Each structure stands twice: as structure tokens, then as C-alpha cells.
Amino acid sequence: MQDNECNGFTCRWVQNRHDADHWVCLKCGRERHIRTNDPVLTVIVFSAIALIFVLILNSKSSQSSVQTIPESYIIETYDINR
């Protein structure tokens, strides 16, 4: 007997052995189709990785472009008339 009051939180989901994207709740019989390889998610993940990579390279190049002032040499003078 199926419970039509099932809210989805108490479902025990089982996967169809013939279709990996098809899931069924044992309690209420609700069906879900879950795409395992979502191309939109793949593009978002690769874009985020590329953005992080570019930011890292940009920060390294900006650090190397900063010029440091060479240390001035201290010249000691002695009074030879003493």
C-alpha cells in the first residue's frame, strides 16, 4: 500500500537497475530522474577552476612586477687627522 502523504524527506530511494538516472521512492512510489552528467554543472565547475587559475597567475605576475629599491651602501668615513 502506498502512502500519498509522503513528503519526500522520509523516502527510501532506490535506483532502477536498467536506468541509472531513474529513482523511485519505496514508500510512496514517487519517481525522479536525476541526470548524473549535467553539462551546465560541468561548464560551471570548469569555469570556476579556470577563473581561480587566472587569478593565481595574475597575482603572481603583479607581485613580480613590483620593483624593490636596492639597499644603499653605508660609507664609513674616518678622520685621518686625529
Side-chain angles (χ1 to χ4, degrees):
M1 180 164 64
Q2 292 179 353
D3 183 12
N4 291 334
E5 298 297 322
C6 180
N7 60 7
F9 293 113
T10 58
C11 286
R12 292 189 51 195
W13 295 97
V14 292
Q15 186 178 23
N16 184 348
R17 75 171 61 159
H18 301 293
D19 184 6
D21 296 336
H22 183 232
W23 292 78
V24 178
C25 174
L26 289 178
K27 185 175 181 182
C28 63
R30 183 180 293 170
E31 296 182 11
R32 293 211 175 147
H33 293 277
I34 302 171
R35 291 176 34 186
T36 55
N37 295 329
D38 190 7
V40 174
L41 183 61
T42 304
V43 169
I44 290 172
V45 169
F46 281 126
S47 298
I49 291 171
L51 180 64
I52 291 170
F53 185 70
V54 167
L55 290 175
I56 290 172
L57 287 179
N58 191 20
S59 69
K60 285 185 179 182
S61 68
S62 66
Q63 288 176 357
S64 65
S65 67
V66 174
Q67 297 178 352
T68 59
I69 300 172
E71 294 181 17
S72 61
Y73 296 102
I74 299 174
I75 301 173
E76 295 183 18
T77 58
Y78 297 101
D79 187 11
I80 58 172
N81 294 327
R82 271 196 203 186

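Both backbone and side-chain heavy atoms feed into the values below; hydrogens, waters and symmetry mates do not. Numbering starts at 1 and runs along the sequence shown. Because the structure is a prediction, the values reported are computed rather than measured.
Of all heavy-atom pairs between Trp13 and Arg30, the closest is CZ3-O, 3.3 Å.
For the side-chain contact (heavy atoms from CB on, under 4.5 Å) with Ile52, the lone residue among Leu55, Ile49, Ile56 that qualifies is Ile56.
Side-chain contact between Arg12 and Lys27: absent, with no pair of heavy atoms (C-beta onward) separated by less than 4.5 Å.
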